[in-house]
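Presented below is the structure to which this report refers.
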Amino acid sequence: MTTTTLPRPSIKKGRALLVAGFRQAYRPGQTANGIPRQWRRLTPYFDSLRNRVGSVAYGLVCSSDEFGNSEYMCGIEVSDFAGLPPELDRLRLPDQTYAVFTHEGHVSTVQRTWEGIWDDWYPYSGYEAADTPDFERYDETFNPETGVGGIEIWFPIVKD
């Protein structure tokens, strides 16, 4: 069990999203170096996608297992998938209810917030995890150069 102190989450209804970006599978121990490389690969697309929606970026945990293997997608919201460069992966997120947590601090410590959600909040929350990706939402105040700014974690839920 972690000792992360989490602020109380807000419960929000999330709308369906179309996300374009790069999806990568990871084994335990690979994410610390792999995910930053994945984001650097996506950076040139931030300003070049004609159908980009807003200025928010997403880090989606598409799947994970009990052995620590996971699949992560860094992406940008788009209005449609038509005309996207072929190298970009695509993901549709459904309308979903989420427990939304604010991450305080540097992006390198976001794993502690995730651990707090899974270990300290979720078991006592009265919710079930929904079968859809959870994600980090990096808003327009997030600065990728400094690693600080607006980061929220959206954890998909259904009432128990």
Side-chain angles (χ1 to χ4, degrees), residues 1-39 42 52-79 81 89-144 146-160:
M1 185 176 233
T2 67
T3 57
T4 302
T5 303
L6 294 173
R8 182 177 204 87
S10 58
I11 306 301
K12 295 184 181 179
K13 180 69 174 166
R15 61 183 171 74
L17 295 174
L18 301 179
V19 180
F22 292 106
R23 196 166 173 162
Q24 177 71 42
Y26 292 100
R27 292 189 308 269
Q30 294 181 323
T31 57
N33 292 321
I35 289 176
R37 273 196 307 268
Q38 200 174 335
W39 278 101
L42 181 65
R52 181 173 183 183
V53 175
S55 56
V56 173
Y58 297 90
L60 302 108
V61 181
C62 301
S63 65
S64 60
D65 67 21
E66 67 273 14
F67 304 109
N69 299 303
S70 62
E71 190 172 30
Y72 183 86
M73 181 177 183
C74 58
I76 304 164
E77 183 181 0
V78 294
S79 58
F81 292 143
D89 294 304
R90 294 136 172 86
L91 181 69
R92 291 177 188 273
L93 285 176
D95 289 341
Q96 178 64 49
T97 301
Y98 295 89
V100 179
F101 298 84
T102 300
H103 171 71
E104 302 292 339
H106 194 271
V107 69
S108 65
T109 64
V110 76
Q111 185 60 34
R112 288 187 210 144
T113 301
W114 280 110
E115 290 167 358
I117 292 166
W118 279 106
D119 296 345
D120 300 331
W121 178 81
Y122 176 63
Y124 311 102
S125 69
Y127 293 101
E128 288 296 320
D131 188 20
T132 191
D134 42 32
F135 58 87
E136 299 151 2
R137 181 183 182 275
Y138 298 88
D139 72 18
E140 52 280 337
T141 67
F142 180 74
N143 182 329
T146 65
V148 296
I151 304 173
E152 293 177 330
I153 295 177
W154 289 54
F155 186 87
I157 56 171
V158 292
K159 191 65 177 162
D160 190 12

Taking all heavy atoms of [X] and all of [Y], pick out the closest pair and write down the distance.
{"X": "Val78", "Y": "Ala20", "answer": "CG1-CB, 4.0 Å"}
{"X": "Ala99", "Y": "Pro9", "answer": "CB-CB, 4.1 Å"}
{"X": "Gln38", "Y": "Met73", "answer": "NE2-CA, 3.8 Å"}

query = ring pair (Phe, Tyr, Trp, His ring centres under 6.0 Å) with Trp114: which residues, sequence neighbours excluded?
reply = none

Partners meeting ring pair (Phe, Tyr, Trp, His ring centres under 6.0 Å) with Phe81 (sequence neighbours left out) =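 Partners of Phe81 under the ring pair (Phe, Tyr, Trp, His ring centres under 6.0 Å) test: none.
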
ask   = According to the salt bridge (Lys or Arg N to Asp or Glu O under 4.0 Å) rule, which pairs have a member within residues 58-67, sequence neighbours left out?
value = none

Working to the nearest 0.5 angstrom, can you tell me the gap between [X] [atom1] and [Y] [atom2]?
{"X": "Tyr26", "Y": "Asn33", "atom1": "OH", "atom2": "CG", "value": "9.5 Å"}
{"X": "Tyr124", "Y": "Asp119", "atom1": "OH", "atom2": "CG", "value": "9.0 Å"}
{"X": "Ser70", "Y": "Arg27", "atom1": "OG", "atom2": "CZ", "value": "11.0 Å"}
{"X": "His106", "Y": "Thr146", "atom1": "NE2", "atom2": "OG1", "value": "6.5 Å"}
{"X": "Asp131", "Y": "Ser63", "atom1": "CG", "atom2": "OG", "value": "10.5 Å"}
{"X": "Thr97", "Y": "Ile11", "atom1": "OG1", "atom2": "CD1", "value": "8.5 Å"}

Tell me every residue that passes side chain to side chain contact (heavy atoms under 4.5 Å, CB included) with [X], counting only those two or more places apart in sequence or in another chain.
{"X": "Val56", "value": "Tyr58, Arg137, Glu140"}
{"X": "Glu104", "value": "Thr102"}
{"X": "Arg15", "value": "Leu17, Glu77, Asp95"}

Is a side-chain N or O of [X] found less than 3.5 angstrom from the main chain of [Y], in a donor-acceptor match?
{"X": "Asp89", "Y": "Arg23", "result": "yes"}
{"X": "Gln96", "Y": "Ile157", "result": "yes"}
{"X": "His103", "Y": "Gln111", "result": "no"}
{"X": "Thr141", "Y": "Gly150", "result": "yes"}
{"X": "Arg92", "Y": "Pro94", "result": "no"}

request  = Show your working on side-chain contact (heavy atoms from CB on, under 4.5 Å) between Ile153 and Val110 and close with a plain yes or no.
outcome  = CA-CA 9 Å; Ile153 295 177; Val110 76; 3.9 Å; yes

query = Between Tyr122 and Phe155, does a ring pair (Phe, Tyr, Trp, His ring centres under 6.0 Å) hold up when you go through it step by step?
reply = CA-CA 10 Å; Tyr122 176 63; Phe155 186 87; 5.5 Å; yes

Tyr98 and Glu152 side chains, donor-acceptor separation under 3.5 Å = no

task = Answer with yes or no whether the side chains of Gln30 and Tyr72 bring together a donor and an acceptor at under 3.5 Å.
result = no

message = Set out, in order, the CA-CA distance, both residues' side-chain angles and the distance that settles side-chain contact (heavy atoms from CB on, under 4.5 Å) for Leu60 and Leu91, then state yes or no.
response = CA-CA 10 Å; Leu60 302 108; Leu91 181 69; 3.8 Å; yes

ask   = Could you go step by step and tell me if Glu136 and Tyr138 meet the side-chain hydrogen bond (donor to acceptor under 3.5 Å, both in side chains) rule?
value = CA-CA 6 Å; Glu136 299 151 2; Tyr138 298 88; 2.6 Å; yes

Working for side-chain contact (heavy atoms from CB on, under 4.5 Å), residues Trp118 and Asp134 = CA-CA 12 Å; Trp118 279 106; Asp134 42 32; 4.2 Å; yes

message = Assess the residue pair Tyr127 and Val158 against the criterion (side-chain contact (heavy atoms from CB on, under 4.5 Å)); give the C-alpha distance rounded to whole Å, side-chain angles, the decisive distance to 0.1 Å, and a yes or no.
response = CA-CA 6 Å; Tyr127 293 101; Val158 292; over 6 Å; no

key: Residue pair Val107 / Ile151, side-chain heavy-atom distance below 4.5 Å   = yes

